[in-house]
Structure formats: structure tokens, C-alpha cells
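Just so it is clear, the values below take in all heavy atoms, side chains as well, and ignore hydrogens, waters and symmetry mates. One-based numbering, in listed order, for ligands and for the atoms of each. Remember, predicted model here, so these are calculated numbers, not experimental data.
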Amino acid sequence: MSGLYIAGAGASGMMAAIAAARSGAHPVIIAGRTAPGKKILMTGNGRCNFTNLRMKKECYHSAWPDGPMKVLRSFGSRDTIAFFREMGMLSCERDGYVYPRSMQASSVREVLLGEIRKLKIQMIEEDPLKAAALSEDGGFLLTLVSGKTLSADRLIMCTGGMAAPATGSDGSGLEILKTLGIKIIPTVPALTGLLSEDPCCSVWHGVRTHGRVTVCDRSGKPHSDTGELQLMKNGISGIPVFQVSRHTAYVLKDRPAAEAIVDFMPEEDADLRKILDRKDLTAAEALHGAFPIKLAEVFLKRLGVRPDTAVSQADPKKIMNMIHSFRLTVRAVRNYEEAQVTAGGVDLRSVDLGTMESRNIPGLYFAGEILDADGICGGYNLQWAFSTGYTAGVSAASYMES
Ligand SMILES: Cc1cc2nc3c(=O)[nH]c(=O)nc-3n(C[C@H](O)[C@H](O)[C@H](O)COP(=O)(O)OP(=O)(O)OC[C@H]3O[C@@H](n4cnc5c(N)ncnc54)[C@H](O)[C@@H]3O)c2cc1C
């Protein structure tokens, strides 16, 4: 049977299938080894932050920074909200972050699966795509893990990256594309924690505190984010760390270590300065009023100051410097098992972003995390999956019709 095949039944694959079927095609989904949409259930701590009303270029990273918005402008967050509403799912919004009204990720998955059933889209389950080769008639010869072969006129690759491989995204799609000569930007785990062997980690383990983290990318450009930091026994985590982790991951591809600089008081610090100048407080007493006890202990240990030293004798300027620029040597980022997304993937410059079709291989389309675009936290990655899935589905179907 030839026709339109979609490899992958995640957010992008299901969207591509629905868009293609509504455009008159009869797509067949080749689902992976896990249940369709399994990853969606994990998103947003089970609540699925599926898009964001605040869309701008800076919300995405890619080797072609202007690329992502080209797709997002043609199918954006309001289109996604309307698309789900039309299928019966209501949404709610807080500060631009959009969730299903039920606050349950299962709503997103269920409406997508329901629409797939309604449109009678065929799904080949538990038999992933193993290989794809170009056939002489301009189509593709697909081989599944079971050994079954299929002939396809069009193929949309929606197999994701390598993040959370327990959900089925094991990078096999990227390997298949490499055999077809598709240019892949090297991949790293992103939206994840930073690992450090600094002795301070064993002291601050378990502390959650407000701060700003800054890391430099490979060109030396600093990237910062502010919010709740989670201080762990083997490093640092939390949303601000997630937001900058991809830059550290790329630095660590070339170097054995990277550095994160943490500002533990990014807000106005005049009151703390006054406290550090007081004559009647020890160093420990002065710090305990502003920081968790374990963190104050870390500051004093690093400075070699005894807790019972008078704070005015302990060089308040040095303490302040440490609070604002705490340097942490980072040896690694957490692995793909713990990362929320993959940075890198199919080079956007090799894709027609109006159709999501390969510029080099006609009939081959891409959608979702398999592409070189990773969003910041906040619904941007699912929106990317939906925007690219919709565009690829409609375009591949229109070709089938012509
Ligand atoms: C813990 C966690 C929380 C997250 N929270 C959010 C959030 O709140 N908001 C947000 O926007 N993003 C979030 N993300 C990111 C978001 O979930 C992904 O970017 C998005 O789901 C990617 O969709 P996708 O369809 O491209 O890939 P995936 O969802 O990874 O789906 C790929 C599919 O392809 C299948 N597959 C793989 N290889 C093959 C093959 N060879 N043949 C056939 N099928 C194959 C897999 O089984 C899988 O079903 C989160 C991710 C994680 C891990």
C-alpha cells in the first residue's frame, strides 16, 4: 500500500495526521514502541502547558534563530487553542501560559486520539520504523522493526528527539534521517539540571531559594534566568537552570568543564548591606536572616570565615561578592532520561518552513522535536510540535491531492 505515512505518534505526529486527514488524505501513522501520546501525559507536571500566548523569537533556540517564528506565525498559539476547542477541549490561561481547563494532560491526549478515531486514521502500533530508503519512483521504501515493508509516496518524520526515551523517543528517527543524508545539528539534552562535584553541593542539598543563574554559550555570550533554584547534592536544578542548560550542554561538548554563576540576591540588596555592616551580629547571624541556614554555611565555608566571627570583621564586601557571583564548576548536564527536550536535530535551513518539506528530498517532511528548534519552558515545545505538525500534515496532503 503506498500513500502518506507519518512516523511517530507524539504531539507532532498526531497533529500532522489530523491535519492531513482533514485535508483529504488518508494518512497512516507508524507509532513507536510506546502508547501514542505517552509523553504528553508527563508534560507540565501532568497538567500540560500546551502553548503560550507570549510568542517571540527569543523563546526558541536554533542554529537558524529566525527559523522557528516563520512556522509559528502561520499556525500559532491562538490557532492551537482554537484547534483544541473545536475538538471539544477548553483551555485556561495564566500569565500567558495555556493549559487544558481540566488541568489534566490526559485531556490533550484524549481529544487528539478521539479525533484520530473519528477521522478513521489507521495506526500501526508497536512496530516502529527501522529504515527508510529512496525508491526509484520518487517515493520511499519503509522497513518496520518486524521486517514488514511499506511503500510510501510521502513520509512525515515525527519521531521526536532523545529526551525522556522511556516515552519512545530514542533517537532512532534521527539515525534513519542520517542514512538519507539529512543534515543534523548535533544534539544535546536541554531543559535539564546542571551537575557539579563542588563540595558545597553536599552542604546545600535540599535547599530551594530565589536566585539568578548565568552561563555563557560557546561564543562567550551570557544567558541568565531568575526564579526558584533547587540546590541538589550533585548540582543545581529548577526552571531558571533548565532555561540556560542547553548553552552549558553545548559548551561541554568541547570542554571538560563549564561555569555557572549564581546571584543569590538578584533583587535590591541595600537592606542586606546594612545588616552586614552591623557591629552586634556574628557572620552566621547576619546571613541567617536572609538565606537558608545551609546556604549561609556554604558562603562562610567558601570564604573561610568562622560563623562566630563578627560580621563587620569578616569583610562584608567579600561576602556580598560571593552572594552575587557564586561560581559553580559544572562537569555535565543531566542526561536525556531527565531532560525535557533535545536541542539540535534536522537543520532548519534544509527545510522549506512554509511546508516543512525537505529541500533536498522531495516528499520527505519533518515535524516536532526532531527538528533543530528547542523552546524555553512555558508551552513553547508543544506549540512547536503542533505548528510544525499542522503545516507538514496540510502540505503533504495537498501534494497527495494534486
Ligand atoms: C517531563 C517533560 C515535561 C514537559 N513539559 C512540557 C510542557 O509543559 N510544555 C511544553 O510545551 N513541552 C513540554 N515538554 C516537551 C514536549 O513534551 C515535547 O517537546 C513534545 O512532546 C515533542 O513532541 P514530538 O511529537 O515532536 O515528539 P515526542 O513526543 O517525543 O513523540 C515522538 C513519538 O515518536 C515515536 N517514535 C520514536 N522513534 C520511532 C520510530 N523509529 N518509529 C515510529 N515511531 C517512533 C515515539 O514512540 C513517540 O511516540 C515536556 C517534556 C518532558 C519530557
Side-chain angles (χ1 to χ4, degrees), residues 5-17 28-52 55 59-60 77 80 97-100 103 105 108-109 112-113 123-132 142-146 150 155-177 179 189-193 239 242 334-343 345-346 356 366-390 392-393:
Y5 285 87
I6 296 169
S12 62
M14 291 199 277
M15 173 57 113
V28 178
I29 302 177
I30 304 168
R33 56 189 164 81
T34 54
K38 188 174 176 187
K39 188 178 284 178
I40 293 173
L41 298 178
M42 298 168 72
T43 59
N45 286 324
R47 295 179 305 173
C48 189
N49 174 201
F50 70 95
T51 186
N52 199 302
M55 275 298 152
C59 300
Y60 290 91
S77 46
T80 301
Y97 296 65
V98 185
Y99 298 85
M103 286 306 230
V108 174
R109 179 175 179 254
L112 289 169
L113 285 173
M123 198 176 306
I124 302 169
E125 293 196 60
E126 293 176 29
D127 196 4
L129 182 66
K130 188 178 173 199
L142 309 180
T143 308
L144 306 187
V145 164
S146 63
L150 303 162
L155 172 63
I156 310 181
M157 288 297 286
C158 303
T159 50
M162 275 130 54
T167 63
S169 339
D170 56 6
S172 54
L174 286 164
E175 292 307 317
I176 292 168
L177 293 180
T179 67
L191 298 187
T192 191
I239 303 282
F242 282 12
R334 288 181 181 274
N335 56 22
Y336 284 111
E337 274 75 12
E338 293 169 274
Q340 289 198 2
V341 292
T342 306
V346 174
M356 301 316 296
F366 314 96
E369 210 176 298
I370 198 166
L371 290 151
D372 170 39
D374 51 296
I376 59 172
C377 290
Y380 298 97
N381 288 296
L382 281 168
Q383 181 58 57
W384 174 248
F386 294 136
S387 298
T388 50
Y390 181 84

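Only side-chain heavy atoms of Ala164 come within less than 4.0 Å of ligand 1; its backbone N, CA, C and O stay farther off. In Cys377, neither the side chain nor the backbone holds a heavy atom less than 4.0 Å from any atom of ligand 1.
Looking at atom 42 (N) of ligand 1, its nearest protein heavy atom turns out to be Leu129 N, 2.9 Å. Atom 5 (N) of ligand 1 has Gly44 N, 3.2 Å as its closest protein atom, hydrogens excluded (heavy atom only).
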inquiry  = For a side-chain contact (heavy atoms from CB on, under 4.5 Å) check, start with the C-alpha distance between Leu382 and Thr80, then their side-chain angles and the critical distance, and finish with the verdict.
reply    = CA-CA 10 Å; Leu382 281 168; Thr80 301; over 6 Å; no

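In terms of N/O distances under 3.5 Å, ligand 1 is not approached by Gly368.
Checking Thr159, Val341, Asn52, Leu191 against atom 39 (C) of ligand 1, the nearest heavy atom belongs to Thr159. Scanning Ala385, Ala7, Gly168 for the heavy atom closest to atom 37 (C) of ligand 1 points to Gly168. Among Ile30, Val145, Asn49, the residue whose heavy atom lies closest to atom 9 (N) of ligand 1 is Asn49. Which of Glu126, Glu369, Met162 comes nearest to atom 19 (O) of ligand 1 through a heavy atom is settled by distance: it is Glu369. Closest heavy-atom approach to atom 27 (O) of ligand 1 within the set Cys48, Ala131, Gly160: this belongs to Gly160.
Checked against side-chain hydrogen bond (donor to acceptor under 3.5 Å, both in side chains), Asn49 has no partners two or more places apart in sequence or in another chain.
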